[in-house]
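Notes to accompany the following structure.
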Amino acid sequence: MIQLQNYINGSFEPPKSGAYLENFEPAKGEVFSMVPNSGPEDVEAAYQAAWAAFPAWKNTPAEEKFKILNRIAELIDSNRNRFAEAESRDQGKPVWLAKNEMVRAAQNFRFFATAAMQFASESHSMEDRGINYTLRQPLGVVGCISPWNLPLYLYTWKIAPALAAGNCVVSKPSEFTPYSAYILGEICTEAGLPAGVLNIVHGLGNSAGQAIVEHPGIKAISFTGGTVTGKHIASVAAPMFKKLSLELGGKNPNIIFADADLEKAVKTTINSSFLNQGEICLCGSRILIQKQVYETVKNKLVDAVNQMKTGNPADEKTRIGAIVSKPHYHKVLGYIDLAKEEGGNILTGGKALDPEGFENGWFIAPTIIEGLPYDCRTNQEEIFGPVVSLIPFETEEEALQMANSTNYGLACSIWTSDLNRAHKMAAAIESGIVWINCWLLRDLRTPFGGVKQSGVGREGGWEAMRFFTDPKNVCIAF
Ligand code: NDP
């Protein structure tokens, strides 16, 4: 049995209470590791270490930060298989997918290593009267709280810019998927990251996570997770005027027009619906299809899904792994029951599976539903599993109205060969991210985040560097 520890001040330490939580391997339904059940006293120790490390890290030359962050990237690359196996056992995803995600985790460090070198101050000349320049100063100690779906990918997406901007970090990965962050602690020490610059406190959201949000010395919270948790964090942080970046849920539309390249649309839709068991905030769970091609697209999607293998995460041919936890497995199955109650017709899937050798794991067949009105609960609430709903539409206006009908506004895909329509729809869609004829094509320089209940603030590129710094204007009179 693996026993994880907190990473505080460059050392691995047990939680002050000595209490541990059982963490399960979703594919087997068995306990896999013991995770520190940390509380406010562990967060305080992490904060003290971070605060002590801050003056030196803030003043570390950009070249040195660049070298250390790049070294972390190299070590993620050279430990890719170890990370991927840990992540797959923790989360349930196929190992091949976890390997792909590790490439991105390393890239997050590489990208922000370069950002540390290039992030520059602005200056504004007042002609012969004087000049202003704007210092971008690190905030101090910042909190990063990440979810279980893309564990290292999203964790590094927060901590890499926080460190590059000169902050020290107190972080908490999800208690369902702590293992890859634990390995990252080892790697940070090996890469020469000074003790205290990054601290990892494991434990439950409502104790360790809450203590990070409540800590008066932690100046900003970068959080990715559910909308309900995001609202709670906002209410706790607001009286302290903490800076907040909240990346929350989604119920993303995937709109397929009759004039689209249907082969490409269907192939990508299979991914955007079911990659990582549909447990990606960017997955398109509402598939809006123009009536002329509805039957064609539906049949192609069902055929493709019927060929997908669900089961052993270590098998290269597996497309659908296990659902992350027992409660989440029951939640997703509950939504399938709700869809039936709401009058939905299950075209494929719609049930739990017990693949050979993994009978005690939490597997759900990829599920396609049709026949539901666009405004029913199944089509409005985030399911966050391998479940999608097909909705026919006639006109562009109708597609837009349905697409914008939810409280969420994270991402959208539009499939069309009409350039005018693509631009018009992109401008009118209420979401932070629009993909035209693609999905999940990412450029780390671009702003990432949502509108409405999908969150506030943006991550990525300079947006992240701005979030993790405060601007200070200096005005010099000549
Ligand atoms: P949660 O909101 O349950 O948890 C996210 C993190 O917050 C976890 O580390 C959790 O700890 C912690 N947490 C929970 N309660 C508190 C609290 N009171 N104070 C501080 N921290 C707390 O989300 P999930 O982990 O279930 O992740 C799935 C959700 O994340 C989905 O809604 C998905 O859409 C969203 N998401 C959004 C993305 C985006 O970029 N917009 C990307 C990926 C996911 P613990 O695990 O112990 O509860």
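Counting convention: from 1, in listed order, for ligands and their atoms alike.
- Test S171, S174, S180 against Y155 for side chain to side chain donor-acceptor pair (under 3.5 Å) and you get one pass: S171.
- In terms of protein heavy-atom proximity, atom 25 (O) of ligand 1 is closest to W148 CD1, 2.9 Å.
- Atom numbering of ligand 1 starts at 1 in the shown order; those under 4.0 Å from a heavy atom of H232 are 18 (N).
- For ligand 1, the atoms lying closer than 4.0 Å to a non-hydrogen atom of T229 are 1 (P), 2 (O), 3 (O), 13 (N), 14 (C), 15 (N), 16 (C), 22 (C).
- Taking any N or O of L248, backbone or side chain, at least one lies under 3.5 Å from an N or O belonging to ligand 1.
- Under a 4.0 angstrom heavy-atom cut-off, G230 registers as lying outside contact with ligand 1.
- Relative to atom 44 (C) of ligand 1, the option among N206, N149, L282, I233 with the closest non-hydrogen atom is N149.
- Considering backbone and side-chain N/O of T227, none are found under 3.5 Å from N/O of ligand 1.
- Short contacts between ligand 1 and F448, defined as distances under 4.0 Å to a heavy atom of the residue, involve ligand atoms 40 (O).
- Remark: ligand 1 and Q210 share an N or O pair separated by less than 3.5 Å (distance only, no angle test).
- A ring-centre distance under 6.0 Å is found for F32 and Y179.
- The distance criterion of under 3.5 Å between nitrogen or oxygen atoms is met by G205 with respect to ligand 1.
- Remark: ligand 1 and S146 share an N or O pair separated by less than 3.5 Å (distance only, no angle test).
- A donor-acceptor contact closer than 3.5 angstrom is absent between the side chains of Y408 and E382.
- Looking only at side-chain heavy atoms (C-beta outward), W57 and L163 come within less than 4.5 Å of each other.
- Each of the atoms 47 (O) of ligand 1 lies under 4.0 Å from some heavy atom of G203.
- Side chains of N276 and K93: a donor-acceptor N/O pair is present below 3.5 angstrom, by distance only.
- Between the side chains of R104 and N100, no donor N or O sits under 3.5 Å from an acceptor N or O.
- When G250, P173, P147, C283 are checked for heavy-atom proximity to atom 27 (O) of ligand 1, P147 turns out nearest.
- Contact atoms of ligand 1 toward G209: 19 (N), 20 (C), 21 (N) (distance under 4.0 Å to a heavy atom of the residue).
- Nearest heavy atoms, A208 versus K172: CB-CD, 3.7 Å.
- Looking only at atom types and distance, the side chain of N23 has a donor-acceptor partner in the side chain of D90 under 3.5 Å away.
- Where the criterion is an N or O separation shorter than 3.5 Å, residue side chain and backbone included, G226 meets it with respect to ligand 1.
- The shell of residues lying under 4.0 angstrom from ligand 1, judged by heavy atoms, excludes G455.
- Looking at atom 7 (O) of ligand 1, its nearest protein heavy atom turns out to be F223 CE1, 3.1 Å.
- One option in P327, G225, G249, S454 has a heavy atom closer to atom 35 (C) of ligand 1 than any other, and that option is G225.
- Taking the six-membered ring where tryptophan is involved, the planes of H202 and Y182 are tilted, since the angle between them lies from 30° to 60°.
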ask   = Under the salt bridge (Lys or Arg N to Asp or Glu O under 4.0 Å) criterion, do E186 and R82 qualify, and how do the steps go?
value = CA-CA 12 Å; E186 282 176 21; R82 182 177 170 217; 3.1 Å; yes

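- Those atoms of ligand 1 with a heavy atom of I145 less than 4.0 angstrom away are 6 (C), 7 (O), 9 (O), 12 (C), 20 (C), 21 (N).
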Side-chain atoms of residues 220-230: list all donor-acceptor pairs with protein atoms under 3.5 Å, sequence neighbours left out, distances to 0.1 Å.
from	atom 1	to	atom 2	distance (Å)
S222	OG	K158	NZ	2.9
S222	OG	E459	OE2	3.0
T224	OG1	K158	NZ	2.7
T227	OG1	G249	N	3.3
T227	OG1	Q453	O	2.9

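- Evaluated for a side-chain contact (heavy atoms from CB on, under 4.5 Å) with Q210, the options V236, I233, V43, L204 yield exactly one hit, V236.
- Close contacts between ligand 1 and T224 involve ligand atoms 5 (C), 36 (N), 37 (C), 38 (C), 39 (C), 40 (O), 42 (C), 43 (C), 44 (C) [criterion: under 4.0 Å to a heavy atom].
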